[in-house]
Amino acid sequence: MAHGYIGSMKTKPGKRDEVVAILLAAAEGLWDHGCRSYVVGLDVGDPDMIVVTEVWESKERHDASLQLPEAKEAIAVALPLLTGEFTGRELDIAGGLGA
């Protein structure tokens, strides 16, 4: 069964665009590692909130992607721009468009 993840992160004031750029650059090549959907969204009610929605072939492929050197590098660059306020939810994907 496909694995989904929805997470949000709050950036320090004025840093959202910089973090979005990091996330979008990191998305390149994820298809080769089992990612089937990767969407970076901007919260319309909070200028410092980002929501990322992902669909992976499996939880194992998602977990393995976080160990890739490019993922570790992107996380290291983005972390100082974040407040530490995160949410996350894991899903079993039943189906749908892009699943």
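A donor-acceptor pair under 3.5 Å is absent between the side-chain atoms of Ser37 and the main chain of Val55, judged by distance alone. Side chain of Lys59 to main chain of Asp92: no donor-acceptor pair is present (N/O by atom type, distance under 3.5 Å, no hydrogens or angles).
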Trace of the side-chain contact (heavy atoms from CB on, under 4.5 Å) decision for Asp63 with Trp56: CA-CA 10 Å; Asp63 291 346; Trp56 291 83; over 6 Å; no
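Taking a 6.0 Å sphere around CG of Asp46, one finds it holds more than 12 heavy atoms contributed by other residues, nucleotides or ligands. Residue Glu73 places its CD atom among 12 or fewer non-hydrogen atoms of other residues, nucleotides or ligands, all under 6.0 Å distant.
A continuous path of hydrophobic side-chain contacts links Val52 to Leu79 [ILVMFWY only; heavy atoms under 4.5 Å]. Note: the hydrophobic cluster containing Ile50 also contains Leu82 (ILVMFWY, side chain heavy atoms under 4.5 Å, direct or indirect links). Under the 4.5 Å side-chain contact rule for hydrophobic residues, Leu81 and Leu42 share a cluster. By the criterion of side-chain heavy atoms lying less than 4.5 angstrom apart, applied directly or through intervening Ile, Leu, Val, Met, Phe, Trp or Tyr residues, Ile6 is not grouped with Val40; the two fall into different hydrophobic clusters. Ile22 and Leu24 fall within the same hydrophobic cluster, defined by Ile, Leu, Val, Met, Phe, Trp and Tyr side-chain heavy atoms under 4.5 Å apart, directly or through other members.
Closest approach of Phe86 and Gly84 over heavy atoms only: CD1-O, 3.2 Å. In this structure, Met9 and Val19 approach most closely via the heavy-atom pair SD-CG1, 4.2 Å.
Considering CD1 of Ile75 and CD of Glu70, their distance stands at 10.5 Å, rounded to 0.5 Å. Within the model, atoms CD of Glu85 and CE of Met49 stand 6.0 Å from one another, a figure rounded to the nearest 0.5 Å. The distance from atom OG of Ser65 to atom CG of Asp32, rounded to the nearest 0.5 Å, is 12.5 Å. Asp17 CG to Asp48 CG: the interatomic distance, rounded to the nearest 0.5 Å, is 10.0 Å. Atom CG of Leu91 is separated from atom CD of Glu54 by 10.5 Å, given to the nearest 0.5 angstrom. To the nearest 0.5 angstrom, His62 atom NE2 is 9.0 Å from Leu30 atom CG.
A cation-pi arrangement, defined by a distance under 6.0 Å to the six-membered ring centre and an angle within 45 degrees of its axis, is present between Arg36 and Trp31.
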